[in-house]
Amino acid sequence: MSGTLQPREAGKFITENSKDVFVEPDGVKKLAEKLYEKIDHNEITLAGWKALHELNPQSSGEDAVNWVFFADTLNFSFWSESDDKKYLVKYKGKEYSGYWSFCAAMNRALDEGIPLTSASYYSNITLDQLKYVLRSDSDFPIPMIEERLEVLHQTGRILVEKYGGSFFNVLKQSEKSAVKLLQLVVENFPSYRDEAIFQGVQVAFYKRAQILIGDLWGALEGKDDGCFHDIRQITMFADYRIPQALVHFGAMRYSEKLLNKLNEGWLFQNGDLEEVELRGCSIWAVELICEQIRELFEKNGKKMSNDVNPILIDHFLWDYARDYREEINVVPFHRVRCIYY
Ligand SMILES: Nc1nc2c(c(CN[C@H]3C=C[C@H](O)[C@@H]3O)cn2[C@@H]2O[C@H](COP(=O)(O)O)[C@@H](O)[C@H]2O)c(=O)[nH]1
């Protein structure tokens, strides 16, 4: 961690030195104005984490905390080679794809009485058991099943050996500090150490560690152990969908060279220069949007809710990218296979 630029500073540094991805001030301003209106009309709230997403846990207890930790430990790489080769899961009469198909598979297993989110179970789960739990209702399996098994074993063993098998104990140790929880997660659970080298500088994205905190904040409704006093320090989650949304709204722009690669379906490696620029500029664009929303509240003399932060801006952009997939896909997402996002 020491000497590594943390996500917000990493985003700024990468943006200032980026060659193929650009944060567009006019687009940032327009998107900030759009989101200011939505937040001011209570259309973007923390309560949306449960209200808008039926697969998310609706409770706020220890089971919900361990559900979130399991989900975010495997919250990576759901994209499929092509739209007609998607991993799909049917659950309670509805068909899900992408991240939601994974959540549907989790809830299907729990409904079958499999103690999936219990570390004592998943630390020893076999490949066949995991294949059964994550089985597809299309002809295409979930990507990276072997890596998922390895990550589960490693993470489960640490949680059992160090934290009594429950992520609730890690949460308690953070003493309602999101920054302290981020440090605890990346220090104790290696699969969450989402870092890269950019122009010789170690930069951190910590996408799954940060979304874990965002999802815990949502599951606990910002109360009790989830009442993080420094939640504003968490940045957006540098995945492969938010860049699409930021480009769609004109807040980010790509070079011709990068656009050509994306349109060809180029497979990037985690840590490639363009991939790091995409992720870093996404972080910084959302930070700038957040700052401008806060300035708009101040300028209009309006009381600002605590919910004006990169996490809820991220949720809006991610949900938008899902709900308006055709428009968003005009510029393809960048393809990477890795365990970080
Ligand atoms: N930046 C950001 N990335 C997010 C999420 C989520 C799910 N969170 C939702 C659940 C409850 C909350 O209300 C959130 O709305 C998944 N991902 C990432 O997206 C990718 C999957 O995309 P697709 O193939 O289209 O399903 C993959 O990298 C996955 O890691 C988010 O919120 N923000």
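Atoms considered below: every heavy atom in the structure, side chains included; atoms not considered: hydrogens, waters and symmetry mates. Each ligand, and each atom within it, is numbered from 1 in the order the structure gives.
Residue contacts with ligand 1 for Leu52 are absent, since no atom lies close enough (heavy atoms, distance under 4.0 Å). Here His53 has side-chain heavy atoms under 4.0 Å from ligand 1, and that is the only part of it that gets that close. Using a 4.0 Å cut-off between heavy atoms, Trp318 contacts ligand 1 through its side chain alone, with no backbone atom that close. With a 4.0 Å heavy-atom cut-off, ligand 1 is reached by no atom of Leu317. Contact annotation: for Asn75 versus ligand 1, heavy atoms closer than 4.0 Å belong to both the backbone and the side chain. With a heavy-atom cut-off of 4.0 Å, Arg325 touches ligand 1 through its side chain alone.
Each of Phe140 and Phe78 belongs to its own hydrophobic cluster when Ile, Leu, Val, Met, Phe, Trp and Tyr are linked at side-chain heavy-atom distances under 4.5 angstrom. In the hydrophobic clustering of this structure, Ile197 does not group with Val203; members are Ile, Leu, Val, Met, Phe, Trp, Tyr whose side-chain heavy atoms approach within less than 4.5 Å, directly or through other members. No continuous path of ILVMFWY side-chain contacts below 4.5 Å connects Leu88 to Trp79, so the two sit in separate hydrophobic clusters.
Protein heavy atom nearest atom 10 (C) of ligand 1, with residue, atom name and distance: Trp100 CH2, 3.3 Å. Atom 33 (N) of ligand 1 has its closest protein heavy atom at Asp314 OD1, 2.6 Å. The nearest heavy-atom contact from the protein to atom 11 (C) of ligand 1 is Asn56 ND2, 3.2 Å. Closest to atom 27 (C) of ligand 1, if we only count protein heavy atoms, is Tyr240 CE2, 3.5 Å.
Listed by number with element, the atoms of ligand 1 under 4.0 angstrom from any heavy atom of Trp49 are 11 (C), 12 (C), 13 (O). For ligand 1, the atoms sitting less than 4.0 Å from at least one non-hydrogen atom of Ile211 are 4 (C), 5 (C), 6 (C), 31 (C), 32 (O), 33 (N), numbered in the order shown with element in parentheses. Listed by atom number, the atoms of ligand 1 under 4.0 Å from Gly98 heavy atoms are 26 (O). Those atoms of ligand 1 that come under 4.0 Å of a heavy atom in Tyr341, given as number and element, are 28 (O).
By the 4.0 Å heavy-atom criterion, Lys207 is counted among the residues contacting ligand 1.
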Test side-chain hydrogen bond (donor to acceptor under 3.5 Å, both in side chains) applied to Thr73 and Arg148, step by step: CA-CA 9 Å; Thr73 294; Arg148 295 184 198 276; over 6 Å; no
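Separating the CZ atom in Phe13 from the CD atom in Glu16 is a distance of 8.5 Å, to the nearest 0.5 Å.
Between Phe76 and Tyr240, a ring centre-to-centre spacing not shorter than 6.0 Å is recorded.
Stacking of Arg135 on the aromatic ring of Tyr132 is recorded, both the 6.0 Å distance cut-off and the 45° axial limit being met. For the pair Arg279 and Tyr341, the cation sits on the ring face: its NZ or CZ lies under 6.0 Å from the ring centre, inside 45° of the axis.
For ligand 1, one of its N or O atoms has an N or O atom of Asp239 under 3.5 Å away.
Taking the six-membered ring where the residue is Trp, Tyr99 and Trp318 present perpendicular rings, their angle passing 60° and hence far from 30°.
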